[in-house]
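In what follows, a single structure is set out as structure tokens and then discussed.
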Number of protein chains: 2
Amino acid sequence: MTNDLIARVRRFNRTVTSEVGALDMSFLGRGRPLGAARVLNAIGHGRGDVAEIRAYLGLDSGLMSRLLRGLEQEGLVETLPAADDARRRVARLTEAGEREYRAYETLSDAQAAAMLARHPHPEALIAAMDVVAVALGHARIVLEEVHPRDAVARYCLGEYYAELGRRFPGGFDVSLSRDPDAEEMVRPRGVFLLALLDGLPLGCVGLKGGTGEVKRLWVAPAARGFGLSKRLMRAIEDAARGLAIPCLRLDTNSALPEAVQLYRRTGWTEIPRFNDDPYPDTFFEKRL
Amino acid sequence: MTNDLIARVRRFNRTVTSEVGALDMSFLGRGRPLGAARVLNAIGHGRGDVAEIRAYLGLDSGLMSRLLRGLEQEGLVETLPAADDARRRVARLTEAGEREYRAYETLSDAQAAAMLARHPHPEALIAAMDVVAVALGHARIVLEEVHPRDAVARYCLGEYYAELGRRFPGGFDVSLSRDPDAEEMVRPRGVFLLALLDGLPLGCVGLKGGTGEVKRLWVAPAARGFGLSKRLMRAIEDAARGLAIPCLRLDTNSALPEAVQLYRRTGWTEIPRFNDDPYPDTFFEKRL
DNA sequence: CATAATCTCTGACTTAGATCAGATATCTCT
DNA sequence: AGAGATATCTGATCTAAGTCAGAGATTATG
């Protein structure tokens with residue numbers, strides 16, 4: 001059939017690849033070949049270590065070396081031996097390089113903005129992009145420990161609260177719930193984890209030291225169904241073992257049946273209410 | 001806020017471009033350089049005319065010529081002068097070329113299928129892909145005249161009926177409506193138009209000769225808001241002028257307010273009911 | 001019918017990107 | 001201190017891709 005799903009995916013691929021020049025910042029016409037532009041961009045993004053850039057961009061050491069020499073000759077980059085290991089070199093942008101990098105960023109931003117401006121439903125487009133990005137790249141999702149007051153962490157928490165607001169019959173107001181108490185989710189007392197795909201936040205979970213409570217488990221709608229919440233929970237349990245916490249607890253709500261089911265299936269046992277928070281109605285614990 | 005959205009788009013671009021090798025059939029490792037694979041694929045897709053392939057792939061004439069010679073030497077392609085103009089040449093696949101083309105197709109299909117199989121919500125993924133493809137490529141949407149019984153036309157009509165079924169309070173049953181009468185929407189009596197993006201059907205509209213009725217105006221959800229319905233209507237009016245139809249009519253329903261609004265804004269005037277079809281409740285005409 | 005335009009082809013050339021072998025300097029481990 | 005591993009660099013070489021000028025055949029046009 002002409003219109004079956006596989007054909008649809010293939011047509012998408014064709015459209016996207018034919019627009020790749022427009023997608024990828026590296027072609028944004030500043031008279032520099034792709035390879036050099038990518039290296040400049042990688043350095044600008046904070047990847048100083050030459051070996052790291054090489055691994056990230058998948059370049060041969062010879063080619064990498066030549067690209068760096070080229071950027072050096074243009075006066076955009078300078079390289080120094082690494083402080084701790086003089087075999088390795090770290091590259092950094094000169095002032096001119098910084099300007100050039102900013103120019104690429106500005107162009108890319110402008111282009112993304114133009115695409116959004118042209119679109120009748122920007123939020124729907126973004127949501128669709130997230131779905132596609134996750135489908136393409138879910139194998140590259142990484143977990144990362146951050147401070148719960150970090151900007152990305154706060155974005156995740158905001159999404160989490162918004163979701164609770166939509167799903168609890170009476171809505172959700174953070175201030176009525178037990179105080180987030182960010183400092184309790186920071187080493188050495190606790191942990192806060194993010195799930196990221198190329199920097200796109202797709203999930204989070206926190207572990208509050210002291211009480212040994214798991215809090216704020218959230219997975220972005222676009223990333224659901226890939227086992228990410230299970231992965232986050234496994235990571236938080238590992239972290240708890242590392243912190244020598246013998247037993248974890250958590251509260252949840254029967255309005256979130258996927259969550260309740262996840263806990264039941266992964267070794268948690270239901271226990272009586274252990275706090276007076278107005279929102280949860282279901283309570284679990286797990287011995288480690 | 002807007003900044004956040006821009007950053008999201010840019011992250012999407014990064015993810016997609018880093019997966020481009022996996023998206024694009026041309027890298028599906030059959031030991032042939034990209035250029036040659038693209039030409040082979042274009043011919044397999046039915047683009048015989050050398051100049052047409054050249055324009056489609058954006059190739060220099062010299063490069064194109066050499067790629068064709070290469071494929072000829074591999075025994076995959078043969079070229080003949082065009083029947084009507086011996087300056088031009090048409091390329092076609094040999095049997096070996098046909099096999100090679102099929103091999104690419106099979107690989108690409110398998111890859112697309114694998115991506116779908118890995119996904120927890122394939123239909124949601126497809127819908128998201130359509131949204132992204134339209135956002136990237138809406139400038140490349142083309143209108144094409146087809147027979148209303150063509151497979152793609154029928155897909156569009158099916159979607160159209162399904163949408164009516166969702167939006168009419170009592171649902172929609174084609175058989176109760178006036179018979180589609182496909183033959184009335186074929187030259188020289190009438191016309192049927194599709195809107196396509198890289199072959200992805202995004203809309204349709206029909207003109208029934210004789211009565212001069214415009215029928216079956218539909219635009220895919222992913223393509224709404226880009227002025228496509230206006231474009232389809234303009235094309236159908238142009239076609240009507242070409243067929244020397246002096247006055248067009250159409251029926252619609254107040255449950256489809258965007259449609260009613262479109263007609264009002266583009267020179268149509270409401271008229272009394274002119275048929276006994278059970279579904280429409282609003283009627284328009286337009287003198288050309 | 002002569003001239004201009006069109007299409008393809010060929011040869012010469014350039015650039016970007018990739019690969020490989022080995023040189024050099026430095027680090028790790030015993 | 002010495003052997004082996006590691007990181008980078010250089011030179012040589014290759015392929016893919018793109019560019020340009022012009023030749024040759026054919027068609028369109030005045």
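Just so it is clear, the model here is predicted, and its values are computed rather than measured. Values reported hereafter were calculated over all heavy atoms of this structure, with side chains retained and with hydrogens, waters and symmetry mates removed. Every chain is numbered from 1, with letters handed out A, B, ... down the list of sequences.
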Which of A/R88, A/R89, A/R87 passes side chain to side chain donor-acceptor pair (under 3.5 Å) with A/D85? Answer is A/R87

Tell me: [atom1] of [X] to [atom2] of [N], nearest whole Å?
| X | N | atom1 | atom2 | result |
| --- | --- | --- | --- | --- |
| B/R54 | D/dA17 | CZ | P | 17 Å |
| A/M64 | D/dT10 | CE | C1' | 16 Å |
| A/L40 | C/dA16 | CG | C1' | 17 Å |
| A/L71 | D/dC9 | CG | P | 12 Å |
| B/L67 | D/dT19 | CG | P | 13 Å |
| A/D85 | D/dA5 | CG | P | 17 Å |

* Asked: Ignoring hydrogens and geometry, is there a side-chain-to-backbone donor-acceptor pair from B/T94 to B/L76 under 3.5 Å?
  -> yes

- A/R89 vs D/dC9: side-chain N/O to OP1/OP2 distance below 4.0 Å: yes

Result for 5'-nearest mapping on DNA chain C, choosing between A/A36 and B/D60, is B/D60

- Item | Base of C/dT6 paired with side chain of B/R87 (donor-acceptor, under 3.5 Å) | yes

Report task. Classify the side chain of A/R66 versus the base of C/dG17 as yes if they form a donor-acceptor pair under 3.5 Å and no if they do not. Result -> no

Which nucleotide, [options], lies nearest any side-chain atom of [X]?
| X | options | value |
| --- | --- | --- |
| A/S61 | D/dC9, D/dA17, C/dC9 | D/dC9 |
| A/A51 | C/dC27, D/dC20, D/dT8 | D/dT8 |
| B/L63 | D/dG18, C/dT10, D/dT10 | D/dG18 |
| A/R69 | C/dT8, D/dT26, D/dC9 | D/dC9 |
| A/L34 | C/dT10, C/dG17, D/dT10 | C/dG17 |

Given the options A/E100, A/R32, A/R69, A/E74 meets side chain to side chain contact (heavy atoms under 4.5 Å, CB included) only with A/R32

Side chain to side chain contact (heavy atoms under 4.5 Å, CB included) with B/L200: of B/D198, B/L196, B/L202, only one passes, and it is B/L202

Within the 3.5 Å criterion, strictly below it, is a donor on A/T106 or A/R102 matched to an acceptor on the partner's side chain? no

